[in-house]
There are 2 protein chains.
Amino acid sequence: MAKLQKSIDKKNALIKATIELVNNNGFHATPMSKIAKMANVSPATIYLYFENKQDLVNQTYIEVKAAYTKYAFATYNKNMSIEDGFKLIWKRIADFKLKECENAMFLAQCDNTPMIDEPSRKEGIKHLQPLLDLWSRGKNEGVIKPLSDYLLYAYSINPLSFLMITQKRGDFQLNKTHLEEAYQSAWNSIKVHS
Amino acid sequence: MAKLQKSIDKKNALIKATIELVNNNGFHATPMSKIAKMANVSPATIYLYFENKQDLVNQTYIEVKAAYTKYAFATYNKNMSIEDGFKLIWKRIADFKLKECENAMFLAQCDNTPMIDEPSRKEGIKHLQPLLDLWSRGKNEGVIKPLSDYLLYAYSINPLSFLMITQKRGDFQLNKTHLEEAYQSAWNSIKVHS
DNA sequence: TAAAAAAGAATGAACATTCATTTTTTTATA
DNA sequence: TATAAAAAAATGAATGTTCATTCTTTTTTA
């Protein structure tokens, strides 16, 4: 196997281990030694790929955030109508949060704690730009309510995070009907009613 | 001062310090020694009031959750109409999350991490019962959509958590109009449209 | 003056990070 | 192509620090 590929594999194994262990135990209760063990690597090796523990978790966050938004926007293009575009993105986000639950849980934990440093958090936010652009276009066309992006996000996207967590905890089992319902609620909250 | 009162004061000081330090640094980065210092107490004294660090954070969680729901339901009574009752509770929750931001941040962090142990989390959920009862009544009367409580919560209450966090981070400044708007969005998402 | 509460210092374990070696890979040479 | 020297990557063990918790002594309260 090529040298580069092997490096990438090792880095990915470390990132994967970090996600799983931090999800289950929290940042404070996952020692580097355990991350190393789960990735089949010596603790010292981690420091060939990452500066320190903080850097490891920052990079993991950015990596996962990038994968998340890549998935969310994969089939979207700017020529779609506002409604179609939003529906597509919303459903892809829902998909990701439910299928790639481990990753989504990790993001939720990062977004609600001081685990990640501020620059990395800022970096992560940038990835959401296409959705903000869609909203901006929608507002101009009078299709989307003229509200702050934060409000639009709170009404339409954020509820998915809560559902994902309850789902993961086994409190509640989401099905297709729920999801369709949730989408309608989201769209209804942000669209201009004619 | 009476002995009992003094004990309570000390315990409260410890809880307050825990909230502030955990909010700013996360559970993993707040040593008992710092909590003790902030509460003007010896580290050893913490162990007169709490079994260990986990117990301290569990109790803090339950305490804050209780204060939160006490505030939320303070002026509510079961004879109100569904709509009035919901409006009242929603607005009190919003109030709490924005005014008692430190406390709300702490709850958000607990609810999105494995910081708290499962029994304490379960204990915390119980406090929300009056809202669930209101919804149950509303569903019976055909005023509230016949959806799982988790969905109702996701649509109507959860967006407030996100807004509180962006507010706290200084990303976005909520005003009265936003709040009224947000309430309408919440009610619209859960009420039966006639 | 006895009991309870609190304190500060001590203890020992856990952990992030580094160090000295070893193993693997690459490069240069025949 | 085969071999050996050099470089790079990886390792396990060591280091020094931090921290939760406990122990012994002192202070406060009854």
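The figures that follow rest on heavy atoms only: side chains count, while hydrogens, waters and symmetry mates do not. Below, chain A is the first sequence line, B the second, and so on; all start at residue 1.
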Novice: Do the side-chain N or O atoms of B:Y47 get closer than 4.0 angstrom to the phosphate oxygens (OP1, OP2) of C:dA6?
Specialist: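 So the side-chain polar atoms of B:Y47 never come under 4.0 Å of the phosphate oxygens OP1 or OP2 of C:dA6.
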Novice: Over all strands shown, is B:K34 touching base, sugar-phosphate only, or nothing at heavy-atom distances under 4.0 angstrom?
Specialist: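 No contact.
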Novice: Separation of B:D9 atom CG from C:dA5 atom C1', in whole Å?
Specialist: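 Going from CG in B:D9 over to C1' in C:dA5 covers 15 Å.
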Novice: Is B:K34 atom NZ crowded by more than 12 heavy atoms from other residues, nucleotides or ligands, each under 6.0 Å away?
Specialist: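 No, not enclosed.
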Novice: If you check the A:K53 side chain, which of C:dA6, C:dT17, D:dA10 turns out closest?
Specialist: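 Of all the options, the side chain of A:K53 is nearest to C:dT17.
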Novice: A:F27 has an atom CZ; how far is it from atom C1' of C:dC15, in whole Å?
Specialist: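 Atom-to-atom, A:F27 to C:dC15, this comes out as 12 Å.
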Novice: Assign the ring pair A:H28 / B:F27 to parallel, tilted or perpendicular, where the plane angle (0 to 90°) is split at 30° and 60°.
Specialist: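 Ring orientation, 0 to 90° scale: perpendicular.
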Novice: Determine whether B:V192 and B:I144 fall in the same hydrophobic cluster, where Ile, Leu, Val, Met, Phe, Trp and Tyr are linked whenever their side-chain heavy atoms lie under 4.5 Å apart.
Specialist: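 Cluster IDs for B:V192 and B:I144 differ.
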Novice: Output yes when at least one side-chain N/O atom of A:S33 is less than 4.0 Å from OP1 or OP2 of C:dC15, else no.
Specialist: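 So the side chain of A:S33 is outside the cut-off, no N or O lying under 4.0 Å from OP1 or OP2 of C:dC15.
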Novice: Does the plane of the ring in A:Y153 sit parallel, tilted or perpendicular to the ring in A:W135? Use 30° and 60° as the thresholds.
Specialist: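 Perpendicular: the ring planes of A:Y153 and A:W135 meet at over 60°.
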Novice: Which whole-number value in Å describes the distance from B:N52 CG to C:dA13 P?
Specialist: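 Taking atom P of C:dA13 as the reference, CG of B:N52 is at 18 Å.
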Novice: Between A:E51 and A:A29, name the one whose nearest nucleotide on DNA chain C is closer to the 5' end.
Specialist: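 Taking each residue's closest nucleotide, the earlier one in sequence belongs to A:A29.
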Novice: Does the structure show a Watson-Crick or G-U wobble partner for D:dA30, both distances under 3.5 Å? Name it, or say none.
Specialist: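 With both distances under 3.5 Å, D:dA30 matches C:dT1.
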Novice: For A:I165, which fellow cluster members are found when Ile, Leu, Val, Met, Phe, Trp and Tyr are connected by side-chain heavy-atom distances below 4.5 angstrom, either directly or through intermediates?
Specialist: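 Cluster partners of A:I165: A:M105, A:M164.
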Novice: Tell me the interatomic distance from A:L56, atom CG, to C:dT17, atom C1', rounded to whole angstroms.
Specialist: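 One finds 13 Å between C1' of C:dT17 and CG of A:L56, rounded.
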Novice: Taking the minimum atom-to-atom distance to the side chain of A:A44, which one of D:dT11, C:dA6, D:dA10 wins?
Specialist: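 Within the option list, the nearest is D:dT11.
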Novice: Which part of the nucleic acid does A:Y49 contact within heavy-atom distance under 4.0 Å: base, sugar-phosphate only, or nothing?
Specialist: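 Sugar-phosphate contact only - A:Y49 comes under 4.0 Å of backbone atoms but never of a base.
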Novice: Rounded to whole Å, please give me the gap between CD1 in B:I35 and P in D:dT21.
Specialist: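 The answer, rounded to whole Å, is 10 Å.
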Novice: So, does A:S42 get its side chain near the phosphate of D:dA10, meaning an N or O under 4.0 Å from OP1 or OP2?
Specialist: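 The answer is no; no side-chain N or O of A:S42 sits under 4.0 Å from OP1 or OP2.
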Novice: Would you mind telling me which of C:dA7, D:dT21, C:dT17 lies closest to the side-chain atoms of B:M32?
Specialist: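 Ranking C:dA7, D:dT21, C:dT17 by closest atom to the B:M32 side chain puts D:dT21 first.
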Novice: Does a side-chain N or O of B:K10 approach OP1 or OP2 of C:dA6 to a distance below 4.0 Å, or not?
Specialist: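 Checking B:K10 against C:dA6: at least one side-chain N or O falls below 4.0 Å of OP1 or OP2.
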Novice: Using the side-chain heavy atoms of A:P31, tell me which of these nucleotides is nearest: C:dA6, C:dA16, D:dT11.
Specialist: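 The nucleotide sitting nearest to the side chain is C:dA16.
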Novice: Nearest whole Å is fine: how far is C:dC15 C1' from A:I46 CD1?
Specialist: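 Interatomic distance, CD1 of A:I46 to C1' of C:dC15: 12 Å.
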